[in-house]
Asker: 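So that we are looking at the same thing, I have put the structure below in C-alpha cells.
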Amino acid sequence: MVLLEGPRSVGKSTLLRELAMAADAPVTDLDDPATADSVRADSSLFASGPAPVCIDEYQKAPIILDAIKARLNLETRPGMYLLAGSTRFDALPQIAQSLTGRLHRIPVMPFTQTEIDRTDNRLLEQAFSGDIQHRVQPSSTSRADYIARVTAGGYPLALAQPTPAARSRWFADQIRLTLERDARETRGFANAAALRTLLTRLAGQT
C-alpha cells in the first residue's frame with residue numbers, strides 16, 4: 001500500500017491520476033461529498049476490485065482504511081492500493097489501524113528550484129559527494145532575485161498566477177481554506193480565528 005501525502009494543492013492528485021491512468025485504473029475521489037458518503041456507507045465495496053485500487057483524499061472517509069486492512073489480512077500483494085491525502089497519516093485521530101509494515105508513505109512536496117527552471121544540476125547529490133567546484137567570482141543572482149524566488153514558492157498553482165498580486169491572493173485563499181476547513185475537519189479546531197493568530201505569531205518567530 002502506497003500513500004502520497006503532502007500539503008494541499010501540491011500536485012498529489014495529479015500524480016495519482018497519472019499513475020492510475022498508466023495502470024488503467026479508476027480513481028475514487030473522496031473530495032466529492034456524495035462519493036465520501038457512499039464510502040462511509042459501504043467501505044468494503046470501495047476497497048475491493050482489481051489492483052491498484054486508487055483513492056484520492058482518503059482522509060475524508062478514514063473508515064476506508066479499516067476495509068483496506070481487512071482485505072490485506074486476507075491477501076497481501078505489492079501495489080494493491082495507491083492513496084493520496086492532504087493530511088499526515090499519523091495526524092488523523094479517527095484512524096484506529098496503524099497498518100504498520102503494510103504502508104509506504106511518500107511525501108509529495110512543492111517544486112524545487114531545479115524543477116521550476118527545468119534544469120538538471122543535481123546540486124544536492126553533488127554537495128553530498130563533495131563534487132562542487134568552488135568559484136571566486138560572486139554569484140550573479142541578486143538579492144531581489146532571491147526574494148522573488150522565496151516569495152513565489154513552489155506550489156504549481158501559485159506559480160501559474162499571472163502577477164505577484166494574484167499569487168498573494170492565492171496564498172491567502174490557501175491559508176484561509178486550511179484554517180477554516182481542513183483544520184476543523186481533521187483535528188477538530190472550532191476556533192479558526194484563534195488558530196490564525198497563533199500561526200501568525202509562530203511565523204513571526206521564524
Asker: To check you understand the geometry: which heavy-atom pair defines the closest contact between M80 and R71, and what is its length?
Answerer: CE-NE, 3.5 Å
Asker: What is the distance from atom OG of S13 to atom CG of D29, rounded to the nearest 0.5 Å?
Answerer: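 Rounded to the nearest 0.5 Å, the OG-CG separation comes to 6.5 Å.
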Asker: Rounded to the nearest 0.5 Å, how far apart are OG of S9 and CG of L157?
Answerer: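 One gets 5.5 Å once the value is rounded to the nearest 0.5 Å.
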Asker: Taking atom types as modelled and ignoring hydrogens, do the side chains of E115 and Q113 form a donor-acceptor contact shorter than 3.5 angstrom?
Answerer: no
Asker: Indicate, with yes or no, if I63 and I55 share a hydrophobic cluster defined by side-chain heavy-atom contacts under 4.5 Å among Ile, Leu, Val, Met, Phe, Trp and Tyr.
Answerer: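 Not linked; separate clusters.
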Asker: Looking at every heavy atom in both R8 and Y155, which two are closest together, and how far apart are they?
Answerer: O-CE2, 3.3 Å
Asker: Do L177 and D173 make a side-chain contact, defined as non-hydrogen atoms from C-beta onward lying under 4.5 Å apart?
Answerer: no
Asker: When you compare the side chain of L82 with that of L4, does any pair of heavy atoms fall below 4.5 Å?
Answerer: yes
Asker: Work out which heavy atom in V39 is nearest to a heavy atom in A61; give both atom names and the distance.
Answerer: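 It is CG1-CB, 3.9 Å.
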Asker: Return the set of residues passing salt bridge (Lys or Arg N to Asp or Glu O under 4.0 Å) with R169 (not counting sequence neighbours), or none when no residue passes.
Answerer: none
Asker: Could you grab the distance from atom CD1 of I147 to atom OG of S142, nearest 0.5 Å is fine?
Answerer: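 Between atom CD1 of I147 and atom OG of S142 there are 8.5 Å.
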Asker: Show the nearest heavy-atom pair for residues E57 and S86, with the distance to one decimal.
Answerer: OE2-OG, 3.1 Å
Asker: Is any side-chain heavy atom of C54 less than 4.5 Å from a side-chain heavy atom of L16?
Answerer: yes
Asker: Tell me whether D37 is salt-bridged to R40, with the criterion being a basic N under 4.0 Å from an acidic carboxylate O.
Answerer: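 Counted as a salt bridge, because a side-chain N and a carboxylate O are separated by less than 4.0 Å.
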Asker: Kindly indicate whether the side chain of Y58, heavy atoms from C-beta on, has any atom under 4.5 Å from the side chain of L3.
Answerer: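 Yes, at least one pair of side-chain atoms sits under 4.5 Å.
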Asker: About how many Å separate CG of D120 and CG of D117, when rounded to the nearest 0.5 Å?
Answerer: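 If I round to the nearest 0.5 Å, the distance is 12.0 Å.
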Asker: Does any part of the side chain of L159, heavy atoms only, come nearer than 4.5 Å to the side chain of P156, both counted from C-beta?
Answerer: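 When only atoms from C-beta onward are counted, L159 and P156 do not touch, as no gap falls below 4.5 Å.
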Asker: Roughly how far, to the nearest 0.5 Å, is CG of L195 from CD1 of I175?
Answerer: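 Here the interatomic distance stands at 11.0 Å.
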Asker: Could you give the distance from CD (Q59) to CD1 (I64), rounded to the nearest 0.5 Å?
Answerer: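 Here the interatomic distance stands at 12.5 Å.
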Asker: At their closest point, which heavy atom of P110 faces which heavy atom of V10, and how far apart are they?
Answerer: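 Heavy atoms only, the tightest pair is N-CG2, 3.2 Å.
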Asker: Does atom CG of N73 have more than 12 heavy-atom neighbours from other groups under 6.0 Å away?
Answerer: yes
Asker: Using side-chain heavy atoms (C-beta onward) and a distance below 4.5 Å, is D31 in contact with D56?
Answerer: no
Asker: Can L19 be reached from V53 by stepping across I, L, V, M, F, W or Y side chains whose heavy atoms are under 4.5 Å apart?
Answerer: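 Looking at the clustering, L19 is in a separate group from V53.
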Asker: With a 4.5 Å limit on heavy-atom distance, are the side chains of I68 and L83 in contact?
Answerer: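 Yes, their side chains come closer than 4.5 Å.
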Asker: Quick one: do L15 and V2 end up in the same hydrophobic cluster if we chain Ile, Leu, Val, Met, Phe, Trp and Tyr together by side-chain heavy atoms under 4.5 Å apart?
Answerer: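 Yes, one cluster joins them.
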Asker: Between A51 and R77, what is the shortest heavy-atom contact and its length?
Answerer: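 For A51 and R77, the tightest heavy-atom pair comes out as CB-NH1, 4.4 Å.
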